[in-house]
Amino acid sequence: MPHRPITVSGVEVTPLCDAVGPMGPAIRRPPAELFPGSGLPDEPWILHFHCYLIRDAADRLTLVDTGIGGTDSPASSWAPVPGTLAGELAAAGADPAEIGTVVLTHLHSDHASGAVADGRPMFVNARYVVQRADLDAARGPVLDDVVTVIKAQLQVIEGDAEVAPGVHVHHTPGHTPGHQIARVGEVAMTGDLILHPAQLADPAVPYAYDDDVETATRTRTEVLAALRAERAILATAHFSEPFLRL
Ligand SMILES: [Zn+2]
Ligand SMILES: [Zn+2]
């Protein structure tokens, strides 16, 4: 079931829990190795995989991230497929065909795979918003099985933009070159800007699967400081609780 929505300035933000589970053996590592310097105990890291549905006052729908996809998705090598995004959307009263904008925070398989289903675009009437730098870096199954399928619907941007009324994206490179976060009022949907609560306590704690650890650390530190200064509400992809007031 979706988590409880919150409403900010007349816009409803509903967390959709696509999946919960540990990483598969293909990429699983002890938490202290995934997050060097964190001192995390050697207990399995159970990730949640959250997407966010935004419904504005005019009933326009925007989806931020699309989850891990089906049993045949590019994430199937390591994530607990199949994702339950379709059921979560239905429970939130949203038909995939009603979604006008899909923001892909980045083109990793656990965020982009649900953009397609059975080899076709899952959201037939949507623009899929992606940063140019991530598009240029895409390769392998995410390129072949996701990006290529949604090619005609891509809205490629560079930097910051308003992608739907009241929905802004900000380029936050490091985890991937074209990583972006999405903002609605005081809510910040942060994708993989921050993976684990240990990085809230210390933003300098890197993540082993950041593409560019140095850039990711600098971006995370700066963006978190700015969000903290405005006491924003974090809406994370992988924490257990979707919302967190800074
Ligand atoms: Zn990622
Ligand atoms: Zn992720």
Side-chain angles (χ1 to χ4, degrees), residues 1-3 14-29 31 34 44-54 62-92 94 96 99 101-124 126 128-130 134-135 137-150 153-154 175-176 178-182 189-196 207-211 235-242:
M1 283 296 289
H3 296 270
T14 305
L16 308 175
C17 197
D18 183 51
V20 178
M23 287 176 168
I27 65 166
R28 185 185 303 156
R29 288 158 69 173
L34 284 175
W45 180 30
I46 308 296
L47 294 85
H48 288 230
F49 297 82
H50 295 142
C51 310
Y52 291 87
L53 178 69
I54 299 161
T62 298
L63 181 66
V64 178
D65 281 338
T66 61
I68 62 179
T71 49
D72 59 347
S73 95
S76 59
S77 60
W78 69 274
V81 295
T84 60
L85 179 65
E88 291 285 282
L89 283 168
I99 291 178
T101 308
V102 175
V103 174
L104 297 172
T105 60
H106 62 300
L107 293 175
H108 275 169
S109 60
D110 56 323
H111 296 256
S113 293
V116 303
D118 301 322
R120 295 206 191 86
M122 168 84 170
F123 304 100
V124 291
Y128 289 89
V129 179
V130 63
D134 254 32
L135 190 60
R139 44 188 52 83
V142 168
L143 176 60
D144 298 338
D145 301 342
V146 179
V147 174
T148 302
V149 174
I150 59 175
Q153 293 171 241
L154 286 179
H175 179 68
T176 62
H179 189 279
Q180 59 188 346
I181 65 171
M189 288 148 280
T190 48
D192 282 355
L193 174 79
I194 174 165
L195 276 288
H196 191 285
Y207 176 52
Y209 296 127
D210 285 334
D211 276 1
T236 59
H238 296 304
F239 288 19
S240 308
E241 285 301 317

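Note that the structure is a prediction, hence the values are computed from the model and not measured. These values consider heavy atoms only, across backbone and side chains, with no hydrogens, waters or symmetry-generated copies.
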For the backbone of [Y] and the side chain of [X], can you confirm whether one donor and one acceptor N or O come within less than 3.5 Å of each other?
X	Y	result
T71	P82	no
Y128	F123	yes
S76	S73	yes
Y207	H196	no
T101	T62	no
Q153	A126	yes
E88	D18	no

Supply the atom-to-atom distance [X] [atom1] to [Y] [atom2], rounded to the nearest 0.5 angstrom.
X	Y	atom1	atom2	result
T190	I181	OG1	CD1	7.0 Å
F49	T66	CZ	OG1	12.5 Å
H179	L107	NE2	CG	10.5 Å
L104	I150	CG	CD1	5.5 Å
H3	L16	NE2	CG	9.0 Å
R29	Y209	CZ	OH	4.5 Å

Checklist entry - How would you list all residue pairs meeting side chain to side chain donor-acceptor pair (under 3.5 Å) that involve residues 77-87, not counting sequence neighbours? => result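 Checked against side chain to side chain donor-acceptor pair (under 3.5 Å) - neighbours excluded - the pairs reaching residues 77-87 are W78-S109.
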Using a 3.5 Å cut-off and no angle test, enumerate the donor-acceptor pairs between side-chain atoms of residues 139-148 and protein atoms at least two apart in sequence or in another chain.
| residue | atom | partner | partner atom | Å |
| --- | --- | --- | --- | --- |
| R139 | NH1 | A137 | O | 2.7 |
| T148 | OG1 | L143 | O | 2.7 |

Checklist entry - Mind checking whether M189 and V103 have side chains closer than 4.5 Å, heavy atoms only? => result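 M189 does not reach V103 side chain to side chain.
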Checklist entry - Of D192, D65, T176, D134, which is the lone residue that meets side-chain hydrogen bond (donor to acceptor under 3.5 Å, both in side chains) with H106? => result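 When side-chain hydrogen bond (donor to acceptor under 3.5 Å, both in side chains) is applied between H106 and each of D192, D65, T176, D134, only D192 qualifies.
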Item to check | Partner of H238 under ring pair (Phe, Tyr, Trp, His ring centres under 6.0 Å), chosen from H50, H111, H175, H48 | outcome: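 Passing option: H111.
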